[in-house]
Amino acid sequence: MSGVAGQIVDRDFFARDPLELAPDLLGKLLVGPCGRGRIVEVEAYRGEEDPASHAFRGPTPRNRVMFGPAGHLYVYRSYGMHWCANVVASHPDRAGAVLIRALQPVGPIDEMSRRRPAARRPEDLANGPGKLCAALGITGDHDGLDLLSPDAGVRLADDGVEPPTSPTTGPRVGISVAADRPWRFSLPASRFRSRPVPVP
DNA sequence: ATAGAGATTGCCT
DNA sequence: GGCAATCTCTATA
């Protein structure tokens, strides 16, 4: 199954169409200031041709990172109270990002649990875009950071787990426009996807 | 200037 | 299942 977890440092891995990058993020490890988890569900968002994307109507103070280099982290405030994390994709001159929707908690479970007091079961620690940011300690302070930087507060690691050959796909959650596009990707066997695993 | 919707979550009945 | 919390942006005036 796996080797030693190593940070992803290949810019070209990120500089692709979000539709290509999204499924390749499944199985990777998201490492935050307060914990880490395995990515099990993501959504692709494009730019001007995607009405559901924050980048659809051009740059604003909030979404400016989506128009910057691939491999950076785009963190936005959702409904005035939650943080949501995206990996910037696409090309330098084209906006695009992949929203991280759910993680399988890896640890430390006790600290993640302290940050998610409402989670009654371990699988509820990070099974939502706002929940996973709370569990890992990701906030607006991390907006725009470079995921390829070795000392970044948020990083992306590969421990040898291969992306699924046939990811589960479906419509993106919580949107009303372009809701017919099946741009949500998740690991199969989703019923178990957010359950924590022992730290190796 | 003001109003309404939104890539959400948790608590209420 | 309903609904409140509350920031950012868009539409309308």
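A note on names: the letters A, B, ... follow the listed sequences, proteins ahead of strands, and every chain is numbered from 1. Computed from a prediction, not measured in an experiment: that's the story for all the values here.
Phosphate contact (OP1/OP2 of B:dG6, side-chain N/O of A:S176, threshold under 4.0 Å): present. Contact annotation: A:T60 reaches the phosphate of C:dC9 (side-chain N/O to OP1 or OP2, under 4.0 Å). For B:dT8, the OP1/OP2 oxygens have no side-chain nitrogen or oxygen of A:R77 closer than 4.0 Å.
At the heavy-atom level, A:A118 lies under 4.0 Å from the strands shown only through sugar-phosphate atoms. Here A:R62 lies in heavy-atom contact (under 4.0 Å) with sugar-phosphate atoms only. Within the 4.0 angstrom heavy-atom criterion, no nucleotide atom of any strand lies near A:R120. Among the protein residues, A:I175 comes within range of the sugar-phosphate backbone only, with heavy atoms under 4.0 Å from sugar or phosphate atoms but none that close to a base.
Taking atom C1' on both nucleotides, B:dA7 is separated from C:dG1 by 22 Å, rounded to a whole Å.
To the nearest 0.5 Å, atoms CG (A:D159) and CG (A:L29) are separated by 4.5 Å.
The cationic group of A:R11 does not satisfy the cation-pi geometry with A:F14, failing either the under 6.0 Å distance to the six-membered ring centre or the 45° limit from the ring axis.
A:L147 and A:L99 fall into different hydrophobic clusters, where Ile, Leu, Val, Met, Phe, Trp and Tyr side chains are chained together by heavy-atom contacts under 4.5 Å. Hydrophobic clustering keeps A:L156 apart from A:Y45 (ILVMFWY residues linked when any side-chain heavy atoms are closer than 4.5 Å, directly or through intermediates).
A:Y45 qualifies as a stacking partner of the B:dA7 base, centre to centre under 5.5 Å and near-parallel within 30°.
A:N127 places its CG atom 13 Å from the P atom of B:dT8, with the value rounded to the nearest Å. B:dA7 atom P lies 18 Å from atom CZ of A:R46, rounded to whole Å. Rounding to whole angstrom units, CG of residue A:D143 and P of B:dA7 are separated by 17 Å. One interatomic measurement links the two molecules: OH of A:Y76 to P of C:dT6, which rounds to 19 Å at whole-angstrom precision. Distance OH (A:Y79) to C1' (B:dG4): 12 Å, rounded to an integer number of Å.
Applying the 6.0 Å contact sphere to CZ of A:R77 captures more than 12 heavy atoms from other residues, nucleotides or ligands.
A:W183 has its side chain within reach of A:L19: a pair of non-hydrogen atoms, C-beta onward, lies under 4.5 Å apart.
Of all nucleotides listed (B:dG10, B:dA7, C:dA11), B:dG10 comes nearest to the side chain of A:R116. Distances from the side chain of A:M81 to the nucleotides B:dG6, C:dA5, B:dA7 place C:dA5 closest.
Exactly one of A:R172, A:K131, A:R101 qualifies for a salt bridge (Lys or Arg N to Asp or Glu O under 4.0 Å) with A:E41. That residue is A:R101.
Paired runs in DNA chain C that reach 3 or more consecutive Watson-Crick or G-U pairs, where each pair keeps both distances under 3.5 Å, cover B:1-6 with C:7-12, B:8-12 with C:1-5.
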